[in-house]
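In what follows, residues are counted from 1 in the order of the sequence shown. Heavy atoms only: backbone and side chains are in, while hydrogens, waters and symmetry mates are out.
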Amino acid sequence: MMRLWRVELTRIRSRPLTWMVALLSVLLLAMMLTDTWQQTMPVSPAEQRQADQAFSQAKAEFEEHGEQEKAACRQAQEDVNGRFPQTRIDCSDIAPRPENFIRRIPPFHEIASSTLGDIALLLGMFSLFLGASWVAAEFSTGSISTYLLHEPRRSRVFLSKITATATAVLIGTATLTIVMLAAMAATAQIHGMSLAVSGQAIQDVATAAARVVGLSVLTALGGAATAFVLRHSAAVLGASFTLLVVDSWGASMLSEYARWTLLNNVQAFAKGSWQFHFSRYGQNADGSPSYSWFSETIWFAQGCGVLVGLTALVLMLGWWSFARRDVP
C-alpha cells in the first residue's frame, strides 16, 4: 500500500497542471495581500484632517437638528419593528462620534482570520479541480487499465489515489497558508502594527488556518471520488457548476431550510460561521401582502458535519463505481 501511495505522489508531482495551479494560487494570494496592505496602512494626516472636518460639521448639524433626527429615528424604529421583527434600531445615542468618520484599522488577528476565510474558498475550489483532474486523467489516457494489470486489487488502487490526493493537497495548502500568514504579518510590521495578541486571538488565527487546509482536503477528496464516477474532469466541473446553480436557487426558495444547502454550509466551514437571510410572506389586517425578513446563523459545527458527511457519501459512491464498473 505504501508503495502505491508513493507512486501516486510521484505522479501528482510530475503533472504540469499541478504546478500551473500552484503558480496561479500564489499569484491570486499575492493579489489578496494587497487588501491586507490597504487595511494595515496607518491613517495619513490628510485623512485625519478630512475626518476632523467631517465630524465638526456633523456635530454642528446635530446640535441644530438633533431633536428632529431622534424623532425620525424613533419613527423608523416603529416601522422597521413592524415589518422586520428581528431587526432593531438603537436610537438612544445617535450623536456623531469622531471614530465614525475615520478609517478603522482592525487588529491583526481580525484581518488574518477574515482573509483566511476568503483563502479557504479560493483554495477549496482549486483543490476540487486538482483532485478531479488527477484521477480523471488516468481514465482519459487509458493508463488506469495498465495500472490494474500490475495491481488488480481495485480497493487498494482506489485507496492509494484518495490518500495521495489528500496528502498532496494537505501539504500544498498548508504551505501556502503559512506563507500567506507570514506575508500578512510582514505587511503589518512594515506599517508599524503590533503583532502582540492574546492567546484567544492566536487560537482564532490558528483555527482559521486549519479551516483552510480542512476545506481544501475535503473538496479534493470530493473531486477525486466524483472523478471515479464520471471519469472526465470536464464532467466533474460541469456537475459541480450545475450543483452550485441548483443549490443557489434552492437557497433562495427554502426560507429557513436554506441552512442545509451546500453553499451556505461551505461558507460556515470556511469562515467559522455564516449568517443567511430569508423572508416570509404574510398578510396585513387589511388583506394586503407583507413580508417579514429574518436572519439565522450557521455555525462551523453544522458546516463541518454536512461537508464531512457529503464527502464520505461521495467517497463510498466513487469506490463502488470503481470496484463494480468496467474500466475501458
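- In this structure, Trp37 is not a member of the same hydrophobic cluster as Val179, with clusters built from ILVMFWY side-chain heavy atoms closer than 4.5 Å.
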For a side-chain contact (heavy atoms from CB on, under 4.5 Å) check, start with the C-alpha distance between Thr165 and Glu8, then their side-chain angles and the critical distance, and finish with the verdict.
CA-CA 8 Å; Thr165 296; Glu8 290 300 327; over 6 Å; no
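- Proximity of Trp134 to Lys161: side-chain heavy atoms (C-beta onward) are nowhere separated by under 4.5 Å.
- Using a 4.5 Å heavy-atom threshold, the side chains of Trp19 and Arg13 count as touching.
- Between Phe228 and the options Val236, Ile162, Leu315, a side chain to side chain contact (heavy atoms under 4.5 Å, CB included) holds for only Ile162.
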As a quick check of understanding, evaluate side-chain contact (heavy atoms from CB on, under 4.5 Å) for Phe139 and His232, giving each step before the final call.
CA-CA 7 Å; Phe139 289 95; His232 291 281; over 6 Å; no
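- Distance check, rounded to the nearest 0.5 Å: NZ of Lys271 to CH2 of Trp299 gives 14.5 Å.
- Of the possible donor and acceptor atoms, one in the side chain of Ser133 sits under 3.5 Å from a partner among the backbone N and O of Leu130.
- No side-chain donor-acceptor contact under 3.5 Å links Thr115 to the backbone of Ala112.
- Nearest approach of Leu263 to Ser248, heavy atoms of both residues: CD2-OG, 4.1 Å.
- Taken together through direct or relayed side-chain contacts under 4.5 Å among Ile, Leu, Val, Met, Phe, Trp and Tyr, Leu310 and Met316 form parts of separate hydrophobic clusters.
- Separating the CG atom in Leu9 from the CZ atom in Arg11 is a distance of 11.5 Å, to the nearest 0.5 Å.
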Residues Phe108, Val205; criterion side-chain contact (heavy atoms from CB on, under 4.5 Å); working and verdict:
CA-CA 10 Å; Phe108 176 74; Val205 174; 5.5 Å; no
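- Contact between Ala209 and Thr177 at its shortest, heavy atoms only, is CB-CG2, 3.7 Å.
- Gly222 and Thr311 get closest at one heavy-atom pair: N-CG2, 4.3 Å.
- Formation of a donor-acceptor pair under 3.5 Å by the Ser160 side chain with backbone atoms of Arg156 is found in this model.
- When the options Thr297, Asn264, Asn265 are evaluated for a side chain to side chain donor-acceptor pair (under 3.5 Å) with Gln302, the one that passes is Asn265.
- In terms of heavy atoms, Ala201 sits closest to His109 at CB-CG, 3.5 Å.
- Rounding to the nearest 0.5 Å places CH2 of Trp319 at 6.0 Å from CZ of Arg324.
- Note: the hydrophobic cluster containing Met125 does not contain Val266 (ILVMFWY, side chain heavy atoms under 4.5 Å, direct or indirect links).
- Cluster annotation: Leu116 and Leu218 are assigned to distinct hydrophobic clusters (Ile/Leu/Val/Met/Phe/Trp/Tyr, side-chain heavy-atom contacts under 4.5 Å, transitive).
- Considering CE of Met180 and CE of Met32, their distance stands at 5.5 Å, rounded to 0.5 Å.
- Side chains of Thr226 and Leu128 form no contact here, defined as non-hydrogen atoms less than 4.5 Å apart.
- Counting only distance, with no hydrogens or angles, the side chain of Arg211 and the backbone of Ala120 share no donor-acceptor pair below 3.5 Å.
- In this structure, Leu237 is not a member of the same hydrophobic cluster as Leu215, with clusters built from ILVMFWY side-chain heavy atoms closer than 4.5 Å.
- Note on ring orientation: taking the six-membered ring where Trp is involved, the planes of Phe300 and Phe269 are tilted (angle from 30° to 60°).
- Residues Leu33 and Leu29 fail the side-chain proximity criterion, which asks for heavy atoms closer than 4.5 Å.
- In this view, Leu243 and Leu262 satisfy the side-chain contact (heavy atoms from CB on, under 4.5 Å) rule, not counting sequence neighbours.
- Between Val135 and Ala224, the shortest heavy-atom contact is CG2-CB, 3.8 Å.
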Step by step, work out the side-chain contact (heavy atoms from CB on, under 4.5 Å) result for Gln38 and Thr34.
CA-CA 6 Å; Gln38 294 293 332; Thr34 60; 5.7 Å; no
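- Annotation: salt bridge (charged side-chain N to carboxylate O under 4.0 Å, His left out) contacts of Arg153 (sequence neighbours excluded): Glu151.
- Checked against Phe126 for a side chain to side chain contact (heavy atoms under 4.5 Å, CB included), the options Thr173, Leu176, Val21 give a single hit: Val21.
- Rounded to the nearest 0.5 Å, atoms CG (Leu23) and OG1 (Thr18) are 12.5 Å apart.
- Although no hydrogens or angles enter the test, the distance criterion places a donor-acceptor pair under 3.5 Å between the side chain of Thr219 and the main chain of Ser216.
- Atom OG of Ser127 is separated from atom CG of Leu170 by 10.0 Å, given to the nearest 0.5 angstrom.
- No side-chain heavy atom of Leu24 sits less than 4.5 Å from a side-chain heavy atom of Met20.
- The shortest heavy-atom contact between Ile111 and Pro106 is CD1-O, 3.6 Å.
- A 4.5 Å side-chain heavy-atom check between Gln267 and Leu121 finds at least one atom pair inside the cut-off.
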